[in-house]
Amino acid sequence: MRRLNRKKTLNLMKELDAFPKVPESYVETSASGGTVSLIAFTTIAFLTIMEFMVYRDTWMKYEYEVDKDFTSKLRINIDITVAMRCQYVGADVLDLAETMVASADGLIYEPVVFELTPQQKELQRMLQLIQSRLQEEHSLQDVIFKSAFKSASTALPPREDNSLQSPDACRIHGHLYVNKVAGNFHITVGKAIPHPRGHAHLAALVSHESYNFSHRIDHLSFGELIPGIINPLDGTEKIASDHNQMFQYFITVVPTKLHTYKISAETHQFSVTERERVINHAAGSHGVSGIFMKYDISSLMVTVTEEHMPFWQFLVRLCGIIGGIFSTTGILHGIGRFVAEIIFCRFRLGSYRSTSVPLPDGHTSNHLPLITENSIH
C-alpha cells in the first residue's frame, strides 16, 4: 500500500511538472539560435553587473514635517575674517525678541593677516568651485551628506604668518547660542554695549578712513558642527569698494535631521541671498556700514535618511532581467525565423516558371506536364 501511494504521489507530481524535459534527439540547434543565445547571455551579464552596482549604491530620502521644538537654543558656528583691526570691530546678535547675545559669550577675536597663504588660497579656490557646482547640480548635496565624517574638515589649514608683517585683520571665530527665532548677526564698527531699546556700538572714536569691511567667510553654519558638510557661504570672499559699505546676507534656516549609515545628527541647512551697497546719506542710501546676516527659522523640518535597496528586491529585479531577456530574445528570434522563411519561400516559388507544351491540335498548354512513370524512365 505504501509503495502504491508513493507511485500515485510521484505520478501526481510528474503531472504537475511545469518544466517538462525534452529528449536531446528531439532538439534542433541552429547557427542563428546560437548567435541569439550569445547576445542574450552577454546582455544578461552586463545588466546583472549594472544591477549589482545599483544594489550597492544608496540614496537619500527626504521627509518633511512641522518643527514643534520652540524652546531649544540654536547654535551658530562662525569663522569670519574682517580686514580691520580687532579693536575697531564688534560682533553680536539681536533677535526679534530684542534679546542681545554679545560676542563675548563664545566668540574669539584673533589678530591675523588678511592675505592668505598659497595653501589656504588653493583650498578656498576649491571651496568656491564646489559651491558653483552645487548651485548647478543640486544632487551633489546627497553625495556630501553621505560623505559626512568621511572627508576632511572644510576649515582652512593653519598658517604660519610672517612675524615681520603686522596683523591688519581680525578673525572672529567660535559659536553662539541664540533663541530659535529670527535674528540678526552683525559685525560693525565699535564694540557693542547694552541699550534699553536694543543695543549700540561705540563707533564715534573710529575714523571713517579706517573702515574696511572686506571680509572672508571661512565657515558659517547652524546647529551641530559636522565635519565634511559644505555650507552655502563657506569660502565666500567680498572686497569692499568703499569705506562706507554694507554687506547683507538674508538667510533662511531649515532644521534638518540627518540619518546615514555612518552618522545620526541634528543640523540645519540654509539658503542665502546676498546684497551689498555703499552707504551715502546724501544720495538717499541710508544705513550702517558693516556685515549683516539676517536669519529666519523655517517652520518645517527636513528628515534626510540614507536608504538601501532590500536584498529581496534585488533578487526580484535580477529574475525579471534574466527572464525578460530570455523571453524577449526568444520572441524576436521566432519572428525573425518566420519572416526569413516567408522571404525564402517567395524566392523559391519565383524560380519555378511555367513552361509551354504543344498540343496535337496546334494549341499550347501553359500547365506543367504531369510526371508519369514513363517520363521518369
- Item | Chi angles and distances behind the ring-ring contact (aromatic ring centres under 6.0 Å, His included) call for Phe213, His215 | CA-CA 6 Å; Phe213 284 101; His215 61 280; 8.5 Å; no

- Query: Relative to each other, are the rings of Tyr55 and Phe52 parallel, tilted or perpendicular (30° and 60° limits)?
  - Reply: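 Tyr55 vs Phe52 ring planes: tilted.
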
- Do the rings of Tyr295 and Phe222 sit parallel, tilted or perpendicular, given the 30° and 60° boundaries?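 It falls in the tilted class, 30° to 60°.
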
Rounded to the nearest 0.5 Å, what separates atom [atom1] in [X] from atom [atom2] in [Y]?
X      : Y      : atom1 : atom2 : value
His219 : Ile230 : NE2   : CD1   : 11.0 Å
Ile108 : Ile78  : CD1   : CD1   : 11.5 Å
Asn231 : Asn77  : CG    : CG    : 8.5 Å
His268 : Ile76  : NE2   : CD1   : 10.0 Å
His308 : Phe314 : NE2   : CZ    : 9.5 Å
Gln124 : Glu237 : CD    : CD    : 4.5 Å

- Message: side-chain contact (heavy atoms from CB on, under 4.5 Å), that's the test. Do Ile187 and Ile80 meet it? Break it down for me.
- Response: CA-CA 10 Å; Ile187 302 173; Ile80 301 175; 4.2 Å; yes

- In terms of heavy-atom contacts, does CZ of Phe46 have more than 12 from other residues, nucleotides or ligands at under 6.0 Å?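 Not more than 12 within 6.0 Å, no.
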
- Polar contact flag, side-chain donor to acceptor under 3.5 angstrom, Asp92-His186: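 There is such a pair (donor and acceptor under 3.5 Å, judged by atom type) between the side chains of Asp92 and His186.
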
- Task: Would you sort out whether Gln248 and Lys294 count as a side-chain contact (heavy atoms from CB on, under 4.5 Å), showing the intermediate values?
- Result: CA-CA 8 Å; Gln248 292 177 307; Lys294 300 181 179 181; 4.0 Å; yes

Would a hydrophobic clustering, with Ile, Leu, Val, Met, Phe, Trp and Tyr connected at side-chain separations under 4.5 Å, put [X] with [Y]?
X      : Y      : answer
Leu96  : Phe292 : no
Met246 : Met293 : no
Leu38  : Ile325 : no
Ile321 : Met53  : yes
Phe270 : Phe250 : no

- Task: Any chance you could lay out the side-chain contact (heavy atoms from CB on, under 4.5 Å) test for Leu315 and Arg317, step after step, and finish with the verdict?
- Result: CA-CA 5 Å; Leu315 291 180; Arg317 291 165 64 98; over 6 Å; no

- Query: Do Ile251 and Leu220 come within less than 4.5 Å of each other through their side chains, counting heavy atoms only?
  - Reply: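 Yes, at least one pair of side-chain atoms sits under 4.5 Å.
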
- Query: Does the side chain of Val288 come within less than 4.5 Å of Ile279's, by heavy atoms?
  - Reply: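 Not in contact.
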
Testing the basics here: between [X] and [Y], what is the closest heavy-atom pair and its distance to 0.1 Å?
X      : Y      : value
Phe185 : Val93  : CD1-CG2, 3.5 Å
Leu74  : Asn179 : CB-O, 4.5 Å
Leu233 : Glu274 : CD2-OE2, 3.8 Å
Ala169 : Ala83  : CB-CA, 3.9 Å
Gly106 : Leu176 : N-CD2, 3.9 Å
Ser166 : Arg85  : OG-NH2, 4.5 Å

- Task: Could you check Leu116, Ile239, Thr236 and say which one makes a side chain to side chain contact (heavy atoms under 4.5 Å, CB included) with Arg216?
- Result: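 Single side chain to side chain contact (heavy atoms under 4.5 Å, CB included) partner of Arg216 among Leu116, Ile239, Thr236: Leu116.
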
- Only one of Val113, Val112, Val82 forms a side chain to side chain contact (heavy atoms under 4.5 Å, CB included) with Arg171, so which one is it?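 The passing option is Val112.
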
- Task: Please confirm whether His173 and Tyr109 have ring centers closer than 6.0 angstrom.
- Result: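 When the ring centroids of His173 and Tyr109 are compared, they turn out to be at least 6.0 Å apart.
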
- Query: Ion pair present between Glu115 and Lys121, side-chain N to carboxylate O less than 4.0 angstrom?
  - Reply: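 Lys121 and Glu115: salt-bridged.
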
- Positive for salt bridge (charged side-chain N to carboxylate O under 4.0 Å, His left out) with Lys180, one of Asp67, Asp296, Asp95: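 Single salt bridge (charged side-chain N to carboxylate O under 4.0 Å, His left out) partner of Lys180 among Asp67, Asp296, Asp95: Asp67.
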
- Task: Report the C-alpha distance between Met126 and Leu123 in whole Å, list the side-chain angles of each, state the deciding distance to 0.1 Å, and finish with yes or no for side-chain contact (heavy atoms from CB on, under 4.5 Å).
- Result: CA-CA 5 Å; Met126 182 182 66; Leu123 179 59; 3.1 Å; yes

